[in-house]
Amino acid sequence: MLFLMYKAYAERKNWKVIILDYSQESNEERTGRIPLKNITFEIEGNFAFGYLKKESGVHRLVRISPFSAQQLRHTSFALVEVLPELNYDNNFQRLNIPEKDLKIEFFRSSGPGGQNVNKVETAVRIVHLPTGLVASSQAERSQSQNREKALKILEAKLIQLMEKEKIQELDKLKTKVKPEWGSQIRSYVLNPYKLIKDHRTGCETTQVERVLEEGDLDDFIEAELTCLP
């Protein structure tokens, strides 16, 4: 749901959306869709990172679950990470990550329903062993291209973590990273009433379809960018 919301928002901005990697909750198709556990996608457009950077955090959904035979109300959470694309052509100093700190896995790119669309293992997953950070890509045609894309995502995650921990040298970054499931930044309530509320700015709307289906995030984005730290 969040991916479709951000995709629609990007389309309103005339930005390009590229799915880099995803994993399915299961291979069973229910309600016409395959549940996704994780999805990594790239948004290309003017000032895209500046607009979206404050979307990082925990998003909370309350609804009647379409997967509940008893039609019970469920609360679920999703963690959103927003990373800038590293520009290696702009004299960017790449991180010197020792090979021993990387676990590189290769697998087949998968399509809807778990069908393998490639006969060879072109998709790449890279794990940074000291921190446990993971990045993967299956969007490119070749294994080397996916490896480079996954490495760029991993470097962006490492740089973001180094800034957060106020560490300037990569070899001092040893803490295992765990998802931060603390206070949510925004709630999407679809039952028993309809309300989307940002808990940082107080911005809210009852027009849930316009936000989730049409990507009408302008009021929320503007409030996030103008609110005081």
Side-chain angles (χ1 to χ4, degrees), residues 1-26 28-84 112 157 160 164 177-229:
M1 292 176 70
L2 287 177
F3 166 69
L4 294 176
M5 180 184 75
Y6 290 125
K7 182 175 181 290
Y9 176 72
E11 290 171 349
R12 292 166 69 99
K13 294 285 187 182
N14 293 318
W15 293 340
K16 184 178 180 181
V17 178
I18 305 169
I19 297 178
L20 301 179
D21 183 55
Y22 67 90
S23 61
Q24 297 168 188
E25 192 71 46
S26 72
E28 179 185 357
E29 294 195 31
R30 291 172 290 186
T31 66
R33 293 181 180 176
I34 300 171
L36 296 179
K37 183 178 181 181
N38 295 294
I39 183 168
T40 302
F41 56 97
E42 184 175 84
I43 296 180
E44 295 181 357
N46 292 332
F47 310 111
F49 177 68
Y51 278 106
L52 293 170
K53 61 184 179 181
K54 289 195 175 183
E55 290 295 295
S56 290
V58 177
H59 296 243
R60 172 176 171 261
L61 171 69
V62 181
R63 65 170 176 170
I64 299 294
S65 173
F67 310 124
S68 171
Q70 294 79 26
Q71 293 292 294
L72 299 176
R73 187 166 68 244
H74 285 235
T75 299
S76 56
F77 301 87
L79 179 63
V80 174
E81 295 178 289
V82 183
L83 304 167
K157 288 187 175 186
Q160 190 176 75
K164 179 182 177 181
V177 177
K178 296 182 179 179
E180 296 183 359
W181 297 102
S183 59
Q184 59 268 10
I185 66 170
R186 190 179 300 146
S187 290
Y188 308 78
V189 181
L190 307 185
N191 186 276
Y193 53 87
K194 292 186 177 183
L195 179 69
I196 298 178
K197 181 174 183 178
D198 194 291
H199 302 291
R200 300 162 298 177
T201 65
C203 181
E204 61 181 45
T205 181
T206 58
Q207 303 296 314
V208 297
E209 290 84 5
R210 289 188 60 184
V211 175
L212 288 170
E213 297 176 12
E214 301 175 25
D216 188 3
L217 281 167
D218 290 329
D219 289 344
F220 290 100
I221 297 290
E222 188 172 325
E224 291 162 8
L225 294 177
T226 56
C227 72
L228 295 174

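For Leu225 against Gly50, the heavy-atom pair with the smallest separation is CD2-O, 3.4 Å. Closest non-hydrogen pair, Glu213 versus Ala8, comes out as O-CB, 3.7 Å. For Ile221 against Glu55, the heavy-atom pair with the smallest separation is CD1-OE2, 3.5 Å. The two residues Leu83 and Gln160 have their closest heavy-atom pair at CD2-OE1, 3.4 Å. The nearest pair of heavy atoms linking Thr201 to Asp198 is N-OD1, 3.3 Å. Val80 approaches Val82 most closely through the heavy-atom pair CG1-CG2, 4.1 Å.
To the nearest 0.5 Å, atoms CG (Asp21) and CD1 (Ile39) are separated by 9.0 Å. To the nearest 0.5 Å, atom NE2 of residue His199 and atom NE2 of residue His59 are 10.5 Å apart. If you take OH on Tyr188 and CE on Met1, they are separated by 9.5 Å, rounding to the nearest 0.5 Å. Once rounded to the nearest 0.5 Å, the distance linking CD1 of Ile19 with OG1 of Thr40 reads 10.0 Å. Atom CD of Glu44 and atom CG of Asn14 lie 13.5 Å apart (nearest 0.5 Å). Rounded to the nearest 0.5 angstrom, Ile18 CD1 and Phe41 CZ are separated by 12.0 Å.
Judged purely by atom type and a 3.5 angstrom limit, Thr206 has no side-chain atom pairing as donor or acceptor with the backbone of Lys194. Not a single donor-acceptor pair under 3.5 Å links the side chain of Arg200 to the backbone N or O of Ala223.
The number of heavy atoms from other shown groups lying within 6.0 Å of CD (Glu222) does not exceed 12. When the shell of 6.0 Å around CZ of Arg210 is examined, it contains 12 or fewer heavy atoms from other residues, nucleotides or ligands.
Using a 4.5 Å heavy-atom threshold, the side chains of Leu52 and Trp15 count as touching. Side-chain atoms of Val17 and Tyr6, non-hydrogen and from C-beta on, never get closer than 4.5 Å to each other. Within the 4.5 Å cutoff, the side chain of Leu61 has no heavy atoms near those of the Thr75 side chain. Two residues are said to be in side-chain contact when any heavy atoms from C-beta on lie closer than 4.5 Å; Arg73 and Pro192 meet this criterion.
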*Check the pair Glu81, Lys157 against side chain to side chain contact (heavy atoms under 4.5 Å, CB included), reporting the backbone distance first and the verdict last.*
CA-CA 9 Å; Glu81 295 178 289; Lys157 288 187 175 186; 3.8 Å; yes

*Assess whether salt bridge (Lys or Arg N to Asp or Glu O under 4.0 Å) is satisfied between Lys16 and Glu42, documenting all intermediate values.*
CA-CA 8 Å; Lys16 184 178 180 181; Glu42 184 175 84; over 6 Å; no

*Test side chain to side chain contact (heavy atoms under 4.5 Å, CB included) on Leu190 and Leu212 and set out the steps.*
CA-CA 11 Å; Leu190 307 185; Leu212 288 170; 4.0 Å; yes

*Hey, mind stepping through Thr205 and Val211 against side chain to side chain contact (heavy atoms under 4.5 Å, CB included) and telling me if it holds?*
CA-CA 9 Å; Thr205 181; Val211 175; 3.8 Å; yes

*Worked verdict on Tyr9 versus Glu214 for side-chain hydrogen bond (donor to acceptor under 3.5 Å, both in side chains)*: CA-CA 7 Å; Tyr9 176 72; Glu214 301 175 25; over 6 Å; no

*Going through the checks in order, is the side chain to side chain contact (heavy atoms under 4.5 Å, CB included) test met by Asp218 and Asp216?*
CA-CA 6 Å; Asp218 290 329; Asp216 188 3; 4.1 Å; yes

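No salt bridge links Lys53 with Glu224; every basic N to acidic carboxylate O contact stays at or beyond 4.0 Å.
A cation-pi arrangement is present between Lys13 and Tyr51, with the terminal nitrogen or guanidinium carbon under 6.0 Å from the aromatic centre and inside a 45° cone about the axis. Annotation: cation-pi pair Arg186/Phe220 present, NZ/CZ under 6.0 Å from the ring centroid and within 45° of its normal.
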